[in-house]
Amino acid sequence: MTAQKKPSTVTQALPYKRVLLKMSGEVLMGNQQFGIDPAVVARVAKDVKEALAMGVEVCIVVGAGNIFRGVSGASQGMDRTTADYMGMLGICINALALQNALEKLDVPTRVQSAIHMNAICEPYIRRKAMRHMEKGRVVIFAAGTGNPYFTTDTTGALRASEMDCDAIFKGTKVDGVYTADPFKDPTATRFDRISYMDVLTKDLKVMDATAISLARENNVPIVIFNIREEGNFARVLKGESNCTIVSNA
Ligand code: GTP
């Protein structure tokens, strides 16, 4: 009798061990004009769970454009600093919604806020966040950097650098960076790879210049992908879906 061959347990090594997922608040509102669509939050949570199941450590930075946009408040005559702090509170609302959706799927999650609000979440402590992720928990960073004048993209680049992430995954409504707006220009083509410098000099609006510079200085690649497609986060992590990688290469 010949020995039964054991099924191979060797899986393809993923290029990413730890990533930061950055998404705008608008993703969470789905087709609504503002606020949170619970079905969309649940779908995003499912996508994150799928990534964790592949052995990837995930932390999240979310925006607040679905609740309050600091910049638009300022443009309507509000103090920029006050408007930005209101935006930071909006981020906390989104962070709690994401935590709730993840925990409904039995994904252990910790919210850490840059502005202390101990009754509702932990304060941001880098080493504790690292330990949470090593234990398989998703860490959601709330309240931006805690400072006005900084975007959530910059928060993403900052936290990804602090957490030694292998990449920032920026979830958008398109599958990468294009030569022109693909919704307006049918001849626009997508870059597979592009350098930080080209993004800055061509003003390609991937992220604001502060965020790009921070990622560049700390050599954290930025992966632009479509987060609106169910399951796409895992597919991009595995290299099976379109995206654009912004790096020094
Ligand atoms: P370990 O150190 O691995 O045990 O991590 P842990 O997060 O499970 O332990 P900890 O005792 O720090 O936290 C237990 C629970 O309390 C978790 O749900 C934390 O998110 C929460 N928690 C911890 N610190 C704070 C805080 O300052 N404010 C709030 N609101 N919750 C907190």
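Hydrogens, waters and symmetry mates are skipped; everything else that's a heavy atom, side chains included, is used. All ligand and atom numbering here is 1-based and tracks the order in the structure. Starting from 1, each residue takes its place in the sequence as its number.
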Just let me know how Val111 lines up against ligand 1, side chain, backbone, both or neither, with a heavy-atom cut-off below 4.0 Å. neither
A student checking ligand 1 against Pro123 at a 4.0 Å heavy-atom cut-off should list atoms 27 (O)
Can a salt bridge be assigned to the pair Arg235 and Glu229 using a cut-off of 4.0 Å between side-chain N and carboxylate O? yes
So which of Glu103, Arg110, Lys135 gets nearest to atom 17 (C) of ligand 1, if we judge by its closest heavy atom? Arg110
Protein non-hydrogen atom below 4.0 angstrom of atom 11 (O) of ligand 1 present: no
Look at atom 29 (C) of ligand 1 and say which protein heavy atom is nearest, naming residue and atom and giving the distance to 0.1 Å. Asn118 O, 3.0 Å
Could you check which of Lys128, Arg137, Arg131 puts a non-hydrogen atom nearest to atom 5 (O) of ligand 1? Arg137
List the closest protein heavy-atom neighbour of atom 23 (C) of ligand 1: residue, atom name, distance to the nearest 0.1 Å. Glu122 CG, 3.4 Å
For atom CE of Met197, is the number of surrounding heavy atoms from other residues, nucleotides or ligands below 6.0 Å larger than 12? no
Donor-acceptor side-chain pairing of Thr151 and Thr154 below 3.5 angstrom: yes
When you group the ILVMFWY residues by side-chain heavy-atom contacts below 4.5 Å and let the links chain together, are Ile60 and Leu105 in the same group? yes
Protein heavy atom under 4.0 angstrom of atom 8 (O) of ligand 1, is there one? yes
Determine whether Val62 and Tyr124 fall in the same hydrophobic cluster, where Ile, Leu, Val, Met, Phe, Trp and Tyr are linked whenever their side-chain heavy atoms lie under 4.5 Å apart. no
Straight-line distance of Lys22 NZ to Cys165 SG, nearest 0.5 Å: 14.5 Å
Parallel, tilted or perpendicular for Tyr16 and Phe169, by the 30°/60° rule? perpendicular
So is Cys121 polar-close to ligand 1, meaning N/O to N/O under 3.5 Å? yes
Charged N to carboxylate O below 4.0 Å: is that the case for Lys49 and Asp47? no
Say whether His132 and ligand 1 are in contact under the criterion: heavy-atom distance to a ligand atom below 4.0 Å. yes
Within a distance of under 4.0 Å, is there any protein heavy atom near atom 15 (C) of ligand 1? no
Classify the side-chain pair Asp37/Asn31 by whether it contains a donor and acceptor separated by less than 3.5 Å. no
With a cut-off of 4.0 Å, which atoms of ligand 1 are near a heavy atom of Ala119? 30 (N)
For atom 25 (C) of ligand 1, is the nearest protein heavy atom closer than 4.0 Å? yes
